[in-house]
Amino acid sequence: MRFSALLRKELRECLPWMLLAAIAFLALGGFFLRAKAYYEGDRLYSRLSPGTIVDHYQLTFYPTLNFTGPWFFCLSIGLGLVLGIRQFWIPHFTRTWPFLLHRSISRKSILAAKLSAALIACVISMGSVWVGLYWYANRPEVFPIPQTVRVFIEGWIFIMLGLVVYLGTALSGLSTANWYTTKIFGLVFATFIIVTTLSQWTLVGIFAVIAVSVAVLLVQIFDTFLRREY
Amino acid sequence: MKLKISLKQIATPTKIFMTLLIVLLAVSILQGIILQIERTFAHAKQRPSTTKPEAELTEEEKRIDRIRNSAKYFLADGTIHLVHKPRRTPTRIDEPEIAQIYDANDNLLWEGPDNRRPYRYLSWAMQLRRYSFTRERMKQMQMLTPGFSRNIEIPVSSYNKTEQIWRYYPGAEYFKGYNTNGEKIGYIGSTGFTDSKLKAKPFGKFGFFTAWCPQDSVSPTLLWQTQRHIYQIDFEKQNVEMIFESADSDIEIERTSLHAWRDLKPGAEGSSDPKKYRPLLICGTEDGKYHLILREPRQQLNLDVPHPSVTATKKNIFVRNYWGDVMPPADIAGSRELFDKWMEERRGKPRNLWIELYKVDNQGGLELLNRYDWTVPEPSMAVVKARDPRPAVKRYVSQISPPFYDYVLRLFGRKFWSRALNYQNRGDFFYSLARMVLDIQPYGGVINRVLSALMMIFVFLHGWPRRASWPKFVFWLVFVGLFNLAGLLTYLGLNHIAVIRCPVCGRRRGLAQVDCVRCQAELPAPEKGKLDLIFRT
Amino acid sequence: MNEIVLETKGLTKYYGSTLAVDHMDLQIPRGCICGFVGRNGAGKTTAIKLMLGLLNPTAGSSRLLGCDSSALTPAIRQRIGYVTEGHRLFRWMSIGGLETFQRAFFPKQWDDKFFADMIEYFELSKKQKIKHLSNGQRAQVSLALALAPNPELLIMDDPTLGLDAAIRRQFLEGMIELIMRQGRTVLFSSHILGDVERVSDRIVVIDKGVLRANCSLEQFQKAIKKAILSFADSVPDQVNIDGLLQCKRSEKGLELTLVGTDDEKISEWAKSAGAENYNIVQMNLEDQFIEFTAPANHKRLFQWEER
Amino acid sequence: MTLWIQILPGSGEPIYVQVAEQISKAIARGELSKGDKLPAVRKLASELVINPNTVARAYSRLEQAGLVTTKTGSGTFVADPKLRKTDAADINILNERMDTLISRGLNLGIEAQDLIRLFESRLKKFSDKLNERKEEK
């Protein structure tokens, strides 16, 4: 009962940003998918000439969802950043921490409520739009060949990167070090993780990097939060 | 609460790990910036050019120069021709270059425009790397550049309308075919076409592939090399032919080449005369052996010439060996001292090179047909003796990088570092980090060790009043000693323990512990002034 | 009756190297209204946060309702009402939303009718958003929120800061109404000594993080006296009377502020010092507090001298 | 019962002393006659917005002075004048009040006789109360 009240409150706080990100992604994704449909159509006319060496560029093709990729990446990271700021930086400025913390519920579950609210926000808002776009891209009459499952998983990896940025912002928000020393390190670590993930080519490698980073950030967030320094 | 205590024990190491990682990156970026600044402002030192102008060349020197610059070709019967293009002042573009053809004992056979040469020379097998899609490109293709990873899709089309598209699945290592309205046709594995996923056997770890369109069709056929196999896949006829299987060691892309294997249009790039040459494929494996695979008739031979280039005409198979006493024999090359001594003796003396033509019989034996050798003057080059061969600036900049890099180098061993430096892994993120470590490692510099010691002393003085427990204090000392500047920054970043003047003994003490570090006195309570009104009613 | 509700032993808190709370040993019995009085920056808010377990003390410990304050169980926190400094609430929530949010945390204790009456009394509607309320209205809402779950211990951090007289009076009424119920305790910090005098039983004075006074209001008022002595000839330069707080000299007279010394001692000292006559003046609570917390013989900021 | 008490928190007097004073003045002035019921502690506290303990202490102070009697359970009532016990502390409070009265009068430059005449006229105003008590005796 108490945890669900906290969760509802946190979700209510993330709602505007959730919707904004989802609508933006839907609009951009949909628009570019339509544009790609036109280009995809004329790929069916082969441009290879007999008896010549085929350059490998003519054989490697972007998945039909490729135009939506950069937007998906930016929007999910932006959403993570904004949620982190909304949940951990703003209570410092409006000084509502004591009012939130003095509750008949353990301090850990207050933090758990915030984290799960952000998780639900990211997954529902971006995840649902992504599934919609992926289903649309797989419809045979629109595009000649269906998408690979790997592209679908990569979409979810972008959402996970958004969550890593969210955890990074949360850690920076919670850390009581002054800004010119280790306060910003949470975010810097998140960007380092993004760079590492983008340079992995196997899914196993990507999941390993994300798992390690989430573990490192989560442990520190819980420790800083429970050490009651503010 | 149990969770909090154990949480704290996990949290501090992760915090130290994260801070250290970021600070190490910051320090190396700082060093990179300094090196870049130095590189842009340092003037490019002119290398002393040893080549004398054309006029003063003596007759003998001219001859040596001509031989060195001329291209050496072989005729089908084994005679050698030296084709020399003299250096001329640049004239109009459309004027063809003049070519002079000499034979082995230096008499001029023909002179005239280059493109109308009367003789037809042997053409040799071409290295595959130029046209092929290597493993490194495959890795880059699968990386998550902010868009998605790309796929290899082979279109099978008649005239110019695509009917089928075959997509390669890197994870499962087979091809899956779709027709244009999206239905699945089937799979192509190493055993050929199957319609069920289970029967499609994977090709194996991807090495490289090269693709070309045969003369009669528009859909490409692929030469697909994996770790131990080479397949030729024809998507239109949906058949897979295993061309070569190496028993024990992997195939290396640098040492595979082919000649007249692809039936290309006569004029197209990379094509060769089908009537004269037999299709030939050479695979070099890691253990140094070369395997010749020929067709019409199908034949497989083994060669153990170090760097052969091979061609196979209808009648017989030729091997050309272009070598010189440039590199010391294998046993000397192994150890560093012998290598330095050998290079020392040879400095200044001219080097002799030779080119040999062999004929290969059916069992792989070599029979020397023709050999031609010539000498080349050796420019004197100082052999760098210093332990740290890097330029001065890099040596000084790397003095602030952590000594930990030196130890970590020995930790990983030679095989890892050779793979890191191998050009194939250029794109790999972790290998590039490893190369960065190699680049700015302090090489055990004295200044580096002195700096570390100084920082350790500072941490000792800084930490003494602030220490909470002995192991923590010693840990930080070792940490700063091991990580130099990065360690110091991490220490300062994480140990913000305030210091106050201990009211009892007057000396500075940290607040990490309740009792004073020096006089073990508790934080004294303020004296109960008689003016206080404390009543317990 | 006087079972200890809140007890701190050697509570110390350092912010970096500045001392906020220094070895506070405080005992507050149940059933009283305790006024937390201290100058700005004396560590009141820090002390309250330490007691509520929102901050970790550098040394010492504090116990609230019999449980260590750094390990307060949810059940005990449910019996404590806390009004934050500046009545900080979630700005985007409406009053109704805030009520449903708070009610979830006090399942059986929440008194809906009481809350509705208070909101209606304050002429606020449940649909108003907190960010549209003025400071006073927000204070009223937070008072209603604090009183609705009928807390056993109510801690208020400077509730009447910057509020007008009417709302301040409502706060006092709220406190008195709560204290009348059985076994309730109120601890509130304030700067308006008029309110403190009017409402509180006990007074706790904190000066520079050190606990200077912890007694009933009556004892505090009786203990601090001012004696005015006039001398015929010369004014003695050194004054050695025990309990001397402040001493002001003028050419003919002497003004002493004394703590805890009873009248005979004063008259005795007056005779020994050869004073012509003396009288003991009753100071009001504000002057007593200012004199009590002022540093020894401090000078007034602006001293008017005749030219 | 038109008892009206006015509290001045800022003045030197503690609040319970002020409450006790005003109640005793009301009794003296005759607004509260013998046997009237004083308001309950809680009611007076919530009315004057002061701490119930202070009201209780004020009542106990009046009881010591003998002005009121408390019957447990039913509240406090004004006692009949005979039982009033005057002790030294009340007397010197009276003297103190007299001194302030006189010093104020002298400052205004009023002669001693005029002061006495003024005092008698005020006394006459209370006279009906005095002779009423005379009949009881």
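Every chain is numbered from 1 and lettered A, B, ... according to where its sequence line falls, protein lines coming before strand lines. Atoms considered below: every heavy atom in the structure, side chains included; atoms not considered: hydrogens, waters and symmetry mates.
In this structure, chain A has no heavy atom under 4.5 Å from any part of C:I76. In this structure, no portion of C:L72 lies under 4.5 Å from any heavy atom of chain A.
Contact tally against chain A (heavy-atom pairs below 4.5 Å) for C:R91, C:R77, C:R79: the top residue is C:R77. By number of non-hydrogen pairs under 4.5 angstrom with chain A, the leading residue of C:E85, C:H87, C:Q102 is C:Q102. Note on C:I80, C:T73, C:L52: by heavy-atom pairs under 4.5 Å with chain A, the leading option is C:I80.
Salt-bridge check for C:D158 with C:K44: failed, with every basic side-chain N at 4.0 Å or more from each acidic carboxylate O.
A side-chain N or O of A:R34 and one of A:Y136 form a donor-acceptor pair less than 3.5 Å apart.
Remark: A:N66 pairs with no residue by the side chain to side chain donor-acceptor pair (under 3.5 Å) rule, at least two apart or across chains.
C:R138 places a side-chain N or O within donor-acceptor distance of the main-chain N or O of C:G86, the cut-off being under 3.5 Å. Judged by distance alone, the side chain of C:K127 and the main-chain N or O of C:G96 form no donor-acceptor pair under 3.5 Å. Between the side chain of A:W71 and the main chain of A:A27, no donor-acceptor pair closer than 3.5 Å is present.
Below 4.5 Å, heavy atoms of chain C meet heavy atoms from A:K9, A:R12, A:E13, all part of residues 8-17 of chain A.
For C:K49 and A:W97, the positive end is not near the middle of the six-membered ring at less than 6.0 Å and at most 45° from its axis. Both tests pass for A:R103 against the ring of A:F99: distance under 6.0 Å to the centre and angle within 45° of the axis.
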